[in-house]
S.K.: 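Below: one structure in structure tokens.
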Amino acid sequence: MFLDVQDLSVSFSTRRGTVDAVRGVSFSLAKGETLGIVGESGSGKSVSSYAVMRILERSGRIAGGRITFDGIDLTAMSDREMRELRGREISMVFQNPRAALNPIRKVGHQIEDVLRRHNRATRSTAKAKAIEALRAVRIADPEARYDAYPFELSGGMCQRVVIAIALACDPRLLIADEPTTGLDVTTQKVVMDLLAELTKSRGMSSILITHDLGLAAEYCDKIVVMKDGAVVEAGDPKALFADPRHAYTRRLIRATPRPGAEVGDLLEPPAPSPVRPVPGAPLLQVRNLRKVFGRGASESVAVDGISFVIREGETLGLVGESGCGKSTTSAMIMRLLDPTGGEILLDGRPLTDTPAAKFSRDPRRGSLQMVFQDATDSINPRFTARQAIADPIRRLTDERPAGRVEELAAQVGLPLTLLDRFPHQLSGGQKARVGIARALASRPRLLILDEPTAALDVSIQAIVLNLLAELRAKLGVSYLFVSHDLHVVRLLCDRVIVMREGRVVEEGTAEAVMRAPSDPYTRSLLDATPMPPAAIAATPALAKAAE
Amino acid sequence: ASNGTVVVAMGQTINSLDIHRSGTNRPSYQVAVNAYDRLVSFGTKTLPDGSLSYDYSVIEPEIAESWETTEDGSAIIFKLRRDGKFWDGSPITAEDVKWSFDRAVTLGGFPTVQMKAGSLEKPEQFEAVDEFTFKIHTIRPSKLTVPDLAVPVAIVINSKLAKANATTDDPWATEYLHKTPAGSGAFKVARWEPGQQLVYERNDAWTSGPVPEVKRVIVREVPSQATRRALFERGDIQVSFDIPNKDAKELSGTDGMTIHSTPIENAIYCLCPNLTFEPFKDKKVRQAIAWSVPYADIFQTAAYERGVPMWGGSSATPADIAWPQPFPYSTDLDKAKALLEEAGYKDGFEVPLSIALDQSDWMEPTALLVQENLAKINIKATIEKIPGANWRTASLVEKRLPLHLETFGGWLNYPCYYFFWAYLEGHLFNSSNYRNEEIETLTNETLHIPVDHPDYAPKIKRMIEIVWDEVPRIALFQPALNVGTRDMSGYEYWFHRQLDARGFEA
Amino acid sequence: MSATTPETRERGFLDHVIYVLSENPITAIAFALFATIVLVAVFGPILAPYDPMESNAARALQPPSADHWFGTDNLGRDVFSRVLIATRLDLMISVAAVALSFVVGAAIGSAAGYWGGWIDAVTGRFVDTIMAFPLFVLAMGIVAAMGNTVENIIYATAIINLPFYARVARAEVRIRRNAGFAQAARLSGNTDIQVLAFHIFPNALPPMMVQISLNMGWAILNAAGLSFIGLGVRPPTAEWGIMVAEGANFVVSGEWWLAFFPGLALMTAVFAFNLLGDGLRDIFDPRQRT
Amino acid sequence: MGPRTKLVLYRTLQALPALVGVVIVSFILTRMLPGDPAAYFAGPAATEASIAEIRATMGLDRSLPVQFLHYVQDLVVGDLGNSLSTGQPVVEELTRRLPASLELTLTALLLSCAIALPLGIAAAVHQGSWIDHACRGLVTAGVSLPTFFTGIVLVYVFYYLLGWAPSPLGRLDFVYLSPPEVTGFYVIDALLDGDVETARGALSQLVLPATTLALFTLAPLARMARAAMLQALSSDYVRTARAAGLGEGQVVLGYAFQNAMLPVVTTLGMVFSFMLGANVLVEKVFSWPGIGSYAVEALVVSDYAAVQGFVLAMAILFVLLNLAIDIIYTLVDPRTREG
Ligand SMILES: Nc1ncnc2c1ncn2[C@@H]1O[C@H](COP(=O)(O)OP(=O)(O)OP(=O)(O)O)[C@@H](O)[C@H]1O
Ligand SMILES: Nc1ncnc2c1ncn2[C@@H]1O[C@H](COP(=O)(O)OP(=O)(O)OP(=O)(O)O)[C@@H](O)[C@H]1O
Ligand SMILES: [Mg+2]
Ligand SMILES: [Mg+2]
Ligand code: NI
């Protein structure tokens, strides 16, 4: 085997004692093969790959096991030898490409650094070779980009540069740790295709680390599923998805949104999907809404005259790529931001007659609430869950917080014992529940969900989506569901609007938009979203497991 | 040190080379002493401890060869030496003297006041009779006139040079002379870097006295007294000018170092109760305070026994006219309490005790000790430190400090001169707002008459007796000027308390 | 603002504090020193073996001995007693100055950071103006102009420290101005002031706590510096700075104890405050928590 | 106009309000100073009339707004007035003394950086080790000492007791003559003059005062260096660099430190401005003829023109300093070059 990891254990010494992050992981990889490592957050994917690279933090160490690379035992190598190997034999690509580049060094020079380090170039040839490397990752106009700083490049371009750095010295193994997280779906596809093609054409082996089953299935020859620092299942992707043997794998596959599945189907075991309320009278009307930031030369139009209606009990999906104006639209509807033009009507009465700065005292404040994208960021770190939920009760209602907080906690399924914990003592899913409970506290009529599950693992996403569906059925609230993922939107929404550069490019029922997108942009969005093979194969295995 | 250079350290800054300029500070007077000559000078004597001092009783020629008072006493005629030369080689003439004196009495400020002390008040008094004869028409016959010509203010300036650099706006060439001395003195100013140093270079052609031994004198400004001491002890400087009493005490007797501690003539450090402050209107209260002062402790901790005690006089009437002489008070808290009770202040009162920030070296310990003893007689004194800029205004001009420390030393060494400044109502150093009719009359009667006049001694004794009894100024001790020298000799004490390098021998 | 502090919070925080202290012995020492200083400030007058104001010319300038642990000064006062007594005043000056500049600076900075716009421009220029002065010289000027009382020293120290708080507060509030929890608070019906006061400001506090403890040391040094050039508190008040300044003149003549012990006390206090700052940073830095 | 000139211009404009503020505040502050400078400068024996005369020539008999107007008018043409205590034009005085202060401050800064930055880097690289603790203890001890006290102790030990240091007599011992003025920095001027002996003399005078100042400023620099390095070292791009096999030296000094430079430069600016203030005390101890000691003297005697001139000079220096920092920033950090 080209790379052989046997019984690898990694532990970190922390203030709470030793953390065994990786416990006896084994996997292997042949020349020219691509291995996918999937698993949920914290399962030890990154740590395992860092161990292979021997770039663990100082507090971490390889506690046991063997890593052989092309016959050499990596665990036995000295730091100096390892440094020789890194970049030349084994390279790595990280997530969040912009942060992965030195912000104050020209990208060309960063490539040169690696080339020169491994004696692949001399002072005189470095520039040409760096441009060559940039050309290899298909950056347009590489000569010009050579002099660019990371901040002058888009996320996708940065990731290409990172890949160029990783591949500059023609390594034989490439490890990509969630290389597309933080990129738009369309960019993700381009980057992944590029990676796959480059590794293939150079006959490299690669490891792709991801939590996206679809992605792994699409690009990998072999898949390893990790959970809690251990490998639970490994094998060929087709076989794995067709016949997942481990319960955890099954749950992962099931929780991945896919065409044809209802919200309830995402759960393990599948539950009946809550009924969708029948849309009633128009609740919120948005007419020709505009928002312009800045003035003069720096003017930028974030939202460019959009109109839509949300009815009572209806869920409207708002889909679009990063920067298309989704959050800006939400903020205006929530009255956190004053629009530059247009109207927002609640029950036919304009909301804009109270300026955003004064809206906290408006009687309609309680009717409009929001669940935020990042649950961690949206809860005051100094408030306990109880205090966070009690805050709107105290300010917006006449109710006594005491009983109501427990009631809400029960509603969102938050164990009462967790109420006195601080955000940092709660898990992602629990924080999401606190955020939802808080949003429900004032008995809102319209709830904006701004990518409420973007920061969550698929299995937790499934639970939260079900919770939201359930609450809608029970309380009859209307949702405006903001997301970049059409498959997720479909699970919850009656209608969808697709935004691009501040404008609505498509509108229709969720099913219709997904099945027959009329706008090419919508189609490219759909195409770019990876799907697990099981989903494509209409999931017979899942049907079986559900029985 | 070697090659005829003497390095002097002092704590203050020389801010002008022209003593007549307003704003020129005390340390700058030394330039007038070393770089200029006067008509006359005082003699030199050897003190009992072997050190040199100027001699107030002897007036010696400097630019003037001889002088005499006219018969009717209305004028003094000075014959100038004929070989007198300024630095630029031009002769020193009566015109120069007149121009210089005119300047001193016209420019205002300190020089004018000091000239006035010698009854030299207006230009009309000065006459250049011929090239080498200079005549002063006196307003009144006064024993102060000739000695006043020997003080630093009465310098003779090279008037031709000065006038060449005068402008219509500045007829007295103050801008020029401020930076460029034009004199005939024993030393020329070779270099002046304000805030750093002043370098004197010997005038090899000095005509008013024997050419000095040392070639160069470097006066370095070293603000930190600890640094000055370190420099001196390590032998990096030859003269440490005006060293603190404590250092003087500790260093005297050390090998290689000579400490000259000369009691400053006609000067006393005083505690002044202000008569505008209600309780101090009562003589008994002032006396009570005088009895409460811990003199010996102050002399020890503030003066380190440098200087002369001014307490514990044996009799309430002075035996002679020596000034200063010990006041008839000592530390007796019982007496103080009794006096306070008599005055109706048995339970005391509160009073701020003010001291000057820039004189805190002696004022602060003194004030603390006074404060402590006042507390014992129920007087609660709070110490107030007043910055230098404010001190003069508060204490001397506005005279508004209820209880404060004060020092005055008269350049002209007569008791009447001291009284004139310190005990007459409205006069500058009478910071106690004291007024006594008898003192007013007696002072004015004695100020100008010769010391050997038969009325002089009895009247002075009476004056002393009165201020002893009424104590508007409570004498603490007579201060001393401490100067340390090593590897050189020829230091001489002067009433102006400034460096006179003319006699230095290195 | 919340009525009860739940037990979990207490325990978690205490655990954390104990962890930080045991992990970092220097921080533990700093806390111990700080506690000692506070104790001495409170009980100093009781502990002092002599009357710190009582002079005695006969026993002036005695070196440290069994009678006078730190020796006596030029007026025969017991240096040890004076050093003890001075603790309270020095602590008071620094605490008062820092409290004052914290309150004003944090208010100004928070407002500027939260509302931006003209408030930010005006306060920004104001802070710039203060900063454009060499700070110590500004303090000198203020004390010289207003007179050297303890209050004025406190005001002067407070004014020169103000920009630091204003800047930290502005920066910390600014980065949280549009944080999710601030938006959520607005949705929960909090007015701008409430969002700022109850939600954003408490979160901006930890970095300021660090600043506070560093500034406490600074404030003491500042007062000492003022004393050195004669603009400090008035004698005979015992204050470390003034004791060092006065004692400095005695060092060359061999009476080192006059400046040494107050200097040591001064240094210990400033040292403790500075290390305390680091310790607080460890305790409050969320990244240090698990 | 290039973006960089634009930035410099913009920054200068931005500094103007602060300068105006400084002019106003310093004017008010000086007028609030106690005492009557006219009376003070008239000398101890002056009469009322001569005091009034002096007051008139100083312009102090006019109302405050008028005085301010005159002050500003003079200021515009670059006239800072005459210092009363030294009798020299303030501008002249400042130009003579500023190099002294700057020479001292810059030497101290250099010294401080030379020690603090490696120390901070070492502490960050070996976080939690004994180096880290020792560094922290050392710099904290340095910052805990009042500068004047450190100065006095250094003089006592190294000059008085050991005799290693030259006499603390300002910029140059009297055996040397000050070099011909080019930059105003004695060491540099002497070297330009080819006078190595004098340069060495000037340098040896600098050692103690610069050490005193440097000791005090180690802490902020070392701390900031450590914190910035820690942050940089834990950043993604350092991880990328490591994963690419770059050598430890290049990672730490090339990648991490270059980024850590930015906050360090800011701190450096603050430290510099702080040092100029602390100079006041150190200059006094070492008889250093800089502007700090000048300011103290002026303040004590209510020398308005001198105090105002000093404060203004400092403020301008501060503005220039910030400009310099901005420029360094733009040189180091490409992100600031935009807008
Ligand atoms: N420096 C560290 N100190 C202590 N524990 C650590 C450290 N780094 C990682 N861990 C722990 O190791 C485990 C595995 O972390 P790892 O980063 O490999 O997860 P992951 O599978 O990459 O998750 P994600 O999808 O979120 O990136 C986690 O439980 C984490 O808490
Ligand atoms: N306060 C602001 N000032 C200036 N421009 C802004 C501001 N807020 C948002 N924008 C710009 O408006 C556009 C729309 O931003 P918005 O946050 O609404 O995007 P989004 O669709 O929510 O993206 P994402 O999926 O990344 O959250 C972007 O180009 C953004 O840069
Ligand atoms: Mg990971
Ligand atoms: Mg968004
Ligand atoms: Ni002698």
S.K.: Distance from Phe273(C) atom CZ to Thr140(D) atom OG1, nearest 0.5 Å?
M.R.: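 Reported to 0.5 Å precision, the distance equals 14.0 Å.
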S.K.: Using non-hydrogen atoms only, which part of Phe216(D) is less than 4.5 Å away from chain C: side chain, backbone, both, or neither?
M.R.: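 When you check distances to chain C, only side chain atoms of Phe216(D) fall under 4.5 Å.
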S.K.: With rounding to the nearest 0.5 Å, note down the distance linking CZ in Arg136(D) to CG in Leu275(C).
M.R.: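 Rounded to the nearest 0.5 Å, the CZ-CG separation comes out at 5.5 Å.
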S.K.: List the atom of Met140(C), the atom of Val280(D), and the distance in Å for their closest heavy-atom pair.
M.R.: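 Closest approach of Met140(C) to Val280(D): SD-CG1, 3.8 Å.
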S.K.: For the CZ atom on Phe70(C), are there more than 12 heavy atoms of other groups (residues, nucleotides or ligands in this structure) within a distance under 6.0 Å?
M.R.: yes
S.K.: When you look at Leu138(C) and Leu29(D), which way does the side-chain contact (heavy atoms from CB on, under 4.5 Å) test go after all the steps?
M.R.: CA-CA 9 Å; Leu138(C) 181 62; Leu29(D) 209 62; 4.2 Å; yes
S.K.: Can you say whether Ile130(C) sits under 4.5 Å from chain D via the side chain, the backbone, both, or neither, judging by heavy atoms?
M.R.: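 Contact with chain D is absent: no heavy atom of Ile130(C) under 4.5 Å.
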S.K.: Do Phe136(C) and Leu281(D) have side-chain heavy atoms sitting under 4.5 Å apart?
M.R.: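 The answer is yes; the side chains approach within 4.5 Å.
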S.K.: Could you tell me which residues in residues 287-296 of chain D have at least one non-hydrogen atom under 4.5 Å from a non-hydrogen atom of chain C, sorted by residue number?
M.R.: Val296(D)
S.K.: Against chain C, label Met275(D) side chain, backbone, both or neither, depending on which of its atoms sit under 4.5 Å from a heavy atom there.
M.R.: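 Neither; nothing under 4.5 Å.
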S.K.: Against chain C, label Val285(D) side chain, backbone, both or neither, depending on which of its atoms sit under 4.5 Å from a heavy atom there.
M.R.: side chain
S.K.: Against chain C, label Arg31(D) side chain, backbone, both or neither, depending on which of its atoms sit under 4.5 Å from a heavy atom there.
M.R.: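 Neither part; nothing is under 4.5 Å.
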S.K.: Counting heavy-atom pairs closer than 4.5 Å to chain C, which one of Pro17(D), Gly137(D), Ala219(D) comes out on top?
M.R.: Pro17(D)
S.K.: Looking at Trp218(C), Phe126(C), Trp256(C), which makes the most heavy-atom pairs under 4.5 Å with chain D?
M.R.: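 Most heavy-atom pairs under 4.5 Å with chain D: Trp218(C).
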S.K.: Relative to chain D, which of Asn222(C), Val251(C), Val244(C), Asp128(C) shows the most heavy atom pairs under 4.5 Å?
M.R.: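 The residue among Asn222(C), Val251(C), Val244(C), Asp128(C) with the greatest pair count is Val251(C).
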S.K.: Within this structure, what is the OG-CG distance for the pair Ser144(D) and Leu221(C), rounded to the nearest 0.5 Å?
M.R.: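 CG of Leu221(C) is found 7.0 Å from OG of Ser144(D).
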S.K.: Is Leu145(D) close to chain C through its backbone or its side chain, or both, or neither, when contacts mean heavy atoms under 4.5 Å?
M.R.: both
S.K.: Please find the pair of heavy atoms, one from Phe260(C) and one from Phe149(D), that lie closest to each other, and give the distance.
M.R.: CA-CZ, 4.2 Å
